[in-house]
*Asks:* 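This is the structure I want to talk about, given as structure tokens.
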Amino acid sequence: MSDERRKPFPFDVFESKWQDHWDQNHTYRTPNPGDADFDASKPKYFVLDMFPYPSGAGLHVGHPEGYTATDILARYKRMKGFNVLHPMGWDAFGLPAEQYAIKTGQHPRVTTETNINNFRRQLKSLGFSYDWEREVNTTDPGYVRWTQWIFLRLYHSYYNPETQKSAPISELEAKGYTREQIDAERLAFVSEAPVNWSPDLGTVLANEEVEEWKAKGHTVERRPLRQWMLRITKYAQRLIDELEDVDWPDSIKASQRNWIGRSEGASVSFKIAGVTQEIEVFTTRPDTLFGATYMVLAPEHPYVEEITTEANKEAVEAYQQGCLSKSDLERGDLNKNKSGVPTGAFAINPANGKEIPIWIADYVMMGYGTGAIMAVPAHDERDFEFAQKFELPIIQVVASPDSVGGHSAGCDCELEKAAPGHGVAVESGFLNGLPTHAAKAEMIQWLEKEGVGSQQINYKLRDWLFSRQRYWGEPFPVLWEEGKHFAVSEDELPVLQPDLEDFKPTGSPEGPLAKATDWIQYSETAKRETNTMPQWAGSCWYYLRYCDPKNEEHFIAPEIEKYWSGEKGMVDLYVGGTEHAVLHLLYARFWHKVLYDQGLLSTPEPFDKLVNQGLILGEDGQKMSKSIGNVVNPDDVVNLYGADSLRLYEMFMGPLEQVKPWQMKGVEGVSRFLAKVWRVVMVQNQEGEWASSGKVSAEAELSNAMRKTLHETIKKVGEDIEAMKFNTAISQMMICVDSFTKAEKVPLDTFLDFLRILNPFAPHLTEELNLLVSPEAGLLCQQDWPEYQPEFLIETEVEVVLQVNGKLRGRITVSKEASKEEVEALALADENVIAFTDGKTIRKVIVVPGRLVNIVAN
RNA sequence: GCCGCUGUGGCGGAAUUGGUAGACGCGGCGGAUUUAAAAUCCGCUGUUCGCAAGAACGUGCCGGUUCGAUUCCGGCCAGCGGCACCA
């Protein structure tokens, strides 16, 4: 006791005591429909945290930020009579978990379990009210089984463009589709396209993941490989449209729209001189077709070889070779320095019949549109730059609105830069004189009439690369026989990875599972798929499993799914970081919609309301990092100040969504506040022992002032929790406690009301104090949220501010009931007002009842 | 470049439908208590001028609307985040 810093209140004694109590009594168990204690009359509330992935480093202070916010909501809603689903689990597959295992030389299952135990201990030490009986772990065989089951739903489904929904593939079988035709329609399919292969990670990556891993110093290159893909592109439009229906931050919605990247335009077919094929291009500016003076193909475009003339062959092949060796980064860096070579072939501009040269250049990407463009240098910055460099013709076909009068058709003044803006069509035959918008429509109509093009919508979104060459992931429930894939039957799930001694990546596209020769050989003729699923597979649907985590018949029982679903989304509130803006949050929406289409879910969206907590920076205002040494460990904070202080501080720092720096002094501040609450009930004697202060008493009388403060506090804290403005809720509670500290006596009921509203924030301290002042009452967290009485908030007298010409000049106290005229008369009689209006004429008097009087005088 | 967000004391941040700018906390200063310190309690604390009463200025900058603008409108500037040769 001697060395140890004397604790301002004995949180070290009671916090773990209450945690054990809640654990042993299953205090936060949430009944499901069908359970004996289920109460169908209670409304449901599903409040979800982004489940962590249990790294070896343990929790950082960013985790408890969002987790405390949701815990406050969960506890508040329970006290308001809701049946609250507030679960926690582990996103335990994935590259980092496996890398950690490789680094420590242990099997991933062992390290993962160790890490999970540490995370669970840490979370429990913060007093979160999770229903731990619903804990979910993505690596559990019982969970993997259903992840694979959902994969099979995707495998056995296609997207029906007529209904705009996914449907069983058997519909196509019934229509007599061939095996190849069916395989080409599956939502989970095999593709040979170029993918992002990381040689040092030994796996491929999704487009969405590439940047993250590159930032960590890994190399990623394009390489054609046979991979499993999910046809998320079919859902592009719905993924955009249905964002309208959810209550998400604008920035996340914008990121998703941006990532999906819808653009409207037209496809145009160009004939090639002397060759039978046509080349199709996509353009958002069909109105500029008359200005297309050359064409560019991506170096990888399949027609390049065929159309290249003998004379250009060598240069073209050299250029293609050069592009292959360039990394994406180099290609991006060369941004400002365009390169390319002519193929020697010519295309025919369908608008005017002119022959235009066909070039190849790496500023055209194979992955977007058709991998070919019509270049309109006058009205596109990139084409302009390219045309200047290679001295290709530049023809202006859109006059800017402000120069239409000056020079119309036939102007040969040279453009100094591209004019990508809208204007009026010139030099464009039948489009002349039309403003851009109308010219686009007119051209599309013409293209369709002539049969050389059509209206088209393009998306940047690519299909989701879904396979990884890893050990620590869900194996695909797929078999290969004579070069064809077949689904494993549902009753064979889960397909678990074999135990391997050596689970390190092979560096080959087959992955570590290829080493398990016995496991691979499913039967004499059939072999197993050796790829595994990405980490996202498990996190795509974990929120669903929480509803019914132990069900062995269904991934979620229909009646339970219905109960926990809302109107638009299933989860009422989802809190987490912004890093998943286009990853997890897009993937989960996609899976949810597929399952919704098939009648397995009741809502089109998974998450109704989404809130992003802001990053917590180090004390120095920089991002926390081990190398800078500014990382704050929550365990240390709990040891020094207690879990309640950590919870309260993280909520008091500022608005949840905001980025904010950590301040240890601030933790001390809220710790002082909690100590003050403690000392309302307890006093410390000379020996440092705590004893009842006798201040809180059932006989004490409630003063009007204290009653008003209490009711103001009940009102404000309730409203602030609903609005997730926890920082201001805490300020108000500080004001309330100040009034207790200053008072002689505090009535017991008043104090208990206060404890109830503080309970969601500081559950340990409040339960302990409740036990001390009201030992018979039972758990505070199971009591009702107090109601405030509006009549106690009403003031009989109000202070009215006096302004002269908008400047504060005085204040008077008037009765609440005083009429405008009375207030005005009092204001004009005020000596300060008289002093400042002296010698001036009063032009106008504005009276805002209960607030101010403004006198306009000059 | 495009999209989104944010600019308020020494610091984190408050401020309802436009109506007292700076709640609450941190830090600082002064006092009480103490042999002394810690802890605790009380008071002060936007800037400038003034002995004071008080006055002027003040929410990134410039302008507008208004009796009145941190709040609404227009134009800039700075910072943060995302996307980026996407045709």
Side-chain angles (χ1 to χ4, degrees), chain A residues 5-6 8 211 249-259 261-263 265 281-285 288 296 298 331-332 334-338 361-365 367-376 379-383 385-386 420 458-461 578-579 581-582 612 614-615 621 648-649 652-655 657-670 672-673 675-676 679 683-684 688 719 725 727-735 738 741-742 799-811 832 843-857:
Chain A
R5 181 179 145 280
R6 191 186 278 181
E211 277 316 308
D250 287 339
S251 59
I252 300 288
K253 287 189 180 186
S255 290
Q256 292 213 350
R257 286 198 197 97
N258 202 351
W259 187 263
R262 177 193 154 102
S263 58
V281 304
F282 173 74
T283 177
T284 54
R285 294 293 299 272
T288 63
V296 186
R331 232 166 128 158
L334 297 171
N335 200 331
K336 287 287 151 215
N337 198 5
K338 296 270 181 299
D362 66 359
Y363 82 93
V364 174
M365 309 286 135
Y368 183 74
T370 60
I373 61 157
M374 60 179 224
V376 185
H379 305 291
D380 181 281
E381 283 166 31
R382 296 148 300 179
D383 297 344
E385 204 187 315
F386 192 82
N458 240 315
Y459 300 91
K460 282 197 273 181
L461 186 69
T578 54
E579 66 272 21
V582 289
N612 292 122
L615 197 66
L648 206 66
Y649 172 64
F652 188 59
M653 290 174 85
E657 308 80 13
Q658 200 165 300
V659 178
K660 43 210 176 285
W662 184 272
Q663 290 183 320
M664 214 42 119
K665 281 284 182 193
V667 187
E668 261 174 57
V670 294
R672 266 201 285 267
F673 161 69
K676 243 169 154 171
R679 289 198 313 271
V683 286
Q684 202 165 19
E719 288 171 355
K725 290 162 70 176
N727 53 335
T728 49
I730 294 166
S731 327
Q732 182 61 39
M733 289 190 282
M734 287 172 167
I735 293 168
D738 240 27
T741 303
K742 289 196 168 90
E799 192 184 64
V800 170
V801 167
L802 306 180
Q803 292 181 340
V804 176
N805 294 329
K807 290 194 177 179
L808 181 68
R809 295 302 178 190
R811 42 191 88 210
N832 285 320
R843 303 285 173 194
K844 202 172 175 183
V845 179
I846 293 117
V847 181
V848 182
R851 283 203 186 271
L852 60 72
V853 179
N854 189 16
I855 294 144
V856 186

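Excluded from the calculations below are hydrogen atoms, water molecules and symmetry mates; all remaining heavy atoms, backbone and side chain alike, are included. A, B, ... follow the sequence lines: proteins, then strands. Residue 1 opens every chain.
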*Asks:* Taking atom P of B/G4 as reference, at what distance in whole Å does atom CG of A/N258 sit?
*Replies:*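 My rounded result for the distance is 10 Å.
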*Asks:* Considering heavy-atom distances to RNA chain B, does A/G669 or A/V856 have its closest nucleotide positioned more toward the 5' end?
*Replies:*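 With A/G669 and A/V856 compared, the 5'-side residue is A/G669.
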*Asks:* Using heavy-atom distances to pick each residue's nearest nucleotide on RNA chain B, tell me which of A/M374 and A/K742 is more 5'.
*Replies:*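 Its nucleotide being nearer the 5' end, the pick is A/K742.
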*Asks:* Heavy atoms only: give me the nearest A/V582-A/S255 pair and the separation to one decimal.
*Replies:*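 Taking every non-hydrogen atom into account, CG1-O, 3.6 Å.
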*Asks:* If B/U66 has a Watson-Crick or G-U wobble mate with both distances under 3.5 Å, name it; if not, just say none.
*Replies:*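 B/U66 is paired with nothing.
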*Asks:* Measure CZ/A/R262 against P/B/A87 and give the value in whole Å, please.
*Replies:*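 Distance, rounded to whole Å: 13 Å.
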*Asks:* Under a 3.5 Å cut-off for both distances, is B/U71 Watson-Crick or wobble paired, and to whom?
*Replies:*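 Across all strands, not a single nucleotide pairs with B/U71.
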*Asks:* Which residues in residues 801-810 of chain A have at least one heavy atom lying under 4.0 Å from any atom of RNA chain B?
*Replies:*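 A/V801, A/Q803, A/K807, A/R809 - these, ordered by number, are the residues of the stretch whose heavy atoms sit under 4.0 Å from the strand.
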*Asks:* Roughly how far, to the nearest 0.5 Å, is the CG atom of A/D380 from the CE atom of A/M374?
*Replies:*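 Nearest 0.5 Å value for the CE-CG distance: 9.5 Å.
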*Asks:* Can a donor-acceptor pair under 3.5 Å be found between the side-chain atoms of A/N854 and the base atoms of B/C67?
*Replies:*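 Present.
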*Asks:* With a 3.5 angstrom cut-off on both distances, give the Watson-Crick or G-U wobble partner of B/A23, or none if there isn't one.
*Replies:*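 Matched B/A23 with nothing under the 3.5 Å cut-off.
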*Asks:* Could you tell me which non-hydrogen atom of A/A375 sits nearest to which non-hydrogen atom of A/D383, and how far apart they are?
*Replies:*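 The answer is CA-OD2, 3.3 Å.
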*Asks:* Between P on B/A38 and CD on A/Q684, what's the gap in Å once rounded to a whole number?
*Replies:*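 So the two atoms are 17 Å apart, to the nearest Å.
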*Asks:* Please tell me if A/R679 has a side-chain N or O lying less than 4.0 Å from either OP1 or OP2 of B/C41.
*Replies:*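 It does, given that an N or O in the side chain of A/R679 lies less than 4.0 Å from OP1 or OP2 of B/C41.
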*Asks:* Which heavy-atom pair separates A/R811 from A/L808 by the least distance, and what is that distance?
*Replies:*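 It is NH2-CD2, 3.4 Å.
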*Asks:* With rounding to the closest Å, how many angstrom separate the C1' atoms on B/G12 and B/C67?
*Replies:*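 Rounded to whole Å, the distance is 36 Å.
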*Asks:* Watson-Crick or G-U wobble partner for B/A14, using a 3.5 Å limit on both distances?
*Replies:*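 Here B/A14 is not engaged in any pair, so there is no nucleotide opposite it.
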*Asks:* Just checking A/S731: base, sugar-phosphate only, or nothing, at a heavy-atom cut-off of under 4.0 Å?
*Replies:*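 If one applies the 4.0 Å heavy-atom cut-off, A/S731 turns out to touch a base.
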*Asks:* Hey, does A/K460 reach any base, or is it just sugar-phosphate, or nothing, if we go heavy atoms under 4.0 Å?
*Replies:*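 Base: the residue A/K460, judged by heavy atoms under 4.0 Å, touches a nucleobase.
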*Asks:* B/C83 pairs with which nucleotide, Watson-Crick or G-U wobble, both distances below 3.5 Å?
*Replies:*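 Base-paired to B/G1.
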*Asks:* In whole Å, measure the gap between the C1' atoms of B/C49 and B/G1 for me.
*Replies:*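 49 Å, rounded to whole Å.
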*Asks:* Can you label the angle between the A/Y363 ring and the A/F386 ring as parallel, tilted or perpendicular, going by 30° and 60°?
*Replies:*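 The arrangement is tilted - the two ring planes meet at 30° to 60°.
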*Asks:* Quick one: label A/I730 by what it contacts on the DNA or RNA (base, sugar-phosphate, nothing), any heavy atom closer than 4.0 Å.
*Replies:*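 A/I730: no heavy atom of the nucleic acid under 4.0 Å.
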*Asks:* Applying side-chain contact (heavy atoms from CB on, under 4.5 Å), run through A/Y459 and A/S263 and close with a yes or a no.
*Replies:* CA-CA 6 Å; A/Y459 300 91; A/S263 58; over 6 Å; no
*Asks:* Expressed in whole Å, how much space separates the P atoms belonging to B/A21 and B/G68?
*Replies:*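 Their P atoms lie roughly 14 Å apart.
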*Asks:* Please report the distance separating the P of B/C83 from the corresponding atom of B/C29, rounded so that it comes out in whole Å.
*Replies:*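 It comes out at 47 Å once rounded to the nearest Å.
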*Asks:* Quick one: does A/V845's side chain get under 4.5 Å of A/V853's, heavy atoms only?
*Replies:*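 Counting from C-beta outward, A/V845 and A/V853 do come under 4.5 Å.
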*Asks:* For A/D738, enumerate each residue passing the side-chain contact (heavy atoms from CB on, under 4.5 Å) test, keeping only those at least two apart in sequence or located in another chain.
*Replies:*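 With neighbours one apart ignored, the set is A/K676, A/K742.
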*Asks:* Quick one: which of B/A87, B/G19, B/C85 gets closest to the side chain of A/D362?
*Replies:*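 Nearest nucleotide to the side chain: B/C85.
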*Asks:* Pick the C1' atom in B/U8 and in B/C61, then give their distance to the nearest Å.
*Replies:*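 Nearest-Å result for B/U8 against B/C61 at atom C1': 15 Å.
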*Asks:* Taking any strand in view, what nucleotide pairs with B/C41 in a Watson-Crick or G-U wobble way, both distances under 3.5 Å?
*Replies:*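 Paired with B/C41, as far as the under-3.5 Å criterion goes, is B/G31.
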*Asks:* With side chains defined as the heavy atoms from C-beta onward, is the minimum distance between A/W259 and A/K460 less than 4.5 Å?
*Replies:*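 Sidechains of A/K460 and A/W259: no contact.
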*Asks:* Can you tell me the Watson-Crick or wobble partner of B/G58, both distances under 3.5 angstrom?
*Replies:*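 None - no nucleotide pairs with B/G58, as no candidate has both distances under 3.5 Å.
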*Asks:* Does the pair A/V670 and A/M734 meet the rule for a side-chain contact (heavy atoms from CB on, under 4.5 Å), with working shown?
*Replies:* CA-CA 9 Å; A/V670 294; A/M734 287 172 167; 4.3 Å; yes
*Asks:* So, does A/K844 get its side chain near the phosphate of B/G68, meaning an N or O under 4.0 Å from OP1 or OP2?
*Replies:*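 Negative; the distance criterion is not met.
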*Asks:* Roughly, in whole Å, what's the span from CD in A/E579 to P in B/C80?
*Replies:*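 These atoms are roughly 19 Å apart.
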*Asks:* Indicate the atoms forming the closest heavy-atom contact of A/V364 with A/A298, along with that distance.
*Replies:*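 For A/V364 versus A/A298, the nearest heavy atoms are O-CB, 3.3 Å.
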*Asks:* Over all strands shown, is A/T741 touching base, sugar-phosphate only, or nothing at heavy-atom distances under 4.0 angstrom?
*Replies:*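 A/T741: no heavy atom of the nucleic acid under 4.0 Å.
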*Asks:* When all nucleic acid strands are considered with a 4.0 Å heavy-atom cut-off, which category describes A/E657: base, sugar-phosphate, or nothing?
*Replies:*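 If one applies the 4.0 Å heavy-atom cut-off, A/E657 turns out to touch nothing in the nucleic acid.
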*Asks:* State whether the side chain of A/K660 and the backbone N or O of A/P655 hold a donor-acceptor pair below 3.5 Å, judged by distance alone.
*Replies:*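 Present.
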*Asks:* So, does the side chain of A/K338 form a donor-acceptor pair with the base of B/C85 at under 3.5 Å?
*Replies:*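 Answer is yes: a donor-acceptor pair is held.
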*Asks:* Rounded to whole Å, how long is the line connecting atom CG of A/N832 with atom P of B/A53?
*Replies:*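 Nearest whole value for this atom pair: 14 Å.
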*Asks:* Report yes if a side-chain nitrogen or oxygen of A/R257 is closer than 4.0 Å to either non-bridging phosphate oxygen (OP1 or OP2) of B/C83; otherwise report no.
*Replies:*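 Checking A/R257 against B/C83: no side-chain N or O falls below 4.0 Å of OP1 or OP2.
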*Asks:* Could you tell me how far B/G79 sits from B/U65 if I compare only their C1' atoms? Round to whole Å.
*Replies:*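 Straight-line distance between the two C1' atoms is 29 Å.
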*Asks:* When the distance from CD of A/Q732 to P of B/C24 is rounded to whole Å, what number comes out?
*Replies:*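 That distance rounds to 10 Å.
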*Asks:* So if I define the base as every atom that isn't primed, P, OP1 or OP2, how would nucleotides 8-17 of chain B read as a B/S/- string at a heavy-atom cutoff under 4.0 Å?
*Replies:* ---SBSSSB-
*Asks:* When the distance from CG of A/D383 to P of B/A87 is rounded to whole Å, what number comes out?
*Replies:*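 From A/D383 CG to B/A87 P: 12 Å.
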*Asks:* Starting at atom NZ of A/K676, determine the distance to atom P of B/C26, rounded to an integer number of angstrom.
*Replies:*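 For the pair A/K676 NZ and B/C26 P, the rounded distance is 8 Å.
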*Asks:* Syn if the chi torsion is within 90° of 0, anti otherwise; quick check, which is B/G64?
*Replies:*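 Anti for B/G64; the angle lies over 90° from 0.
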*Asks:* Contact class for A/R811 vs. all strands (heavy atom < 4.0 Å): base, sugar-phosphate, or nothing?
*Replies:*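 Base, at least one base atom sits under 4.0 Å.
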*Asks:* Rounding to an integer number of angstrom, what distance separates B/C57 and B/G75 when you compare their P atoms?
*Replies:*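 Their P atoms lie roughly 29 Å apart.
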*Asks:* Between A/T370 and A/F282, what is the shortest heavy-atom contact and its length?
*Replies:*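 Closest heavy-atom pair between A/T370 and A/F282: OG1-N, 4.0 Å.
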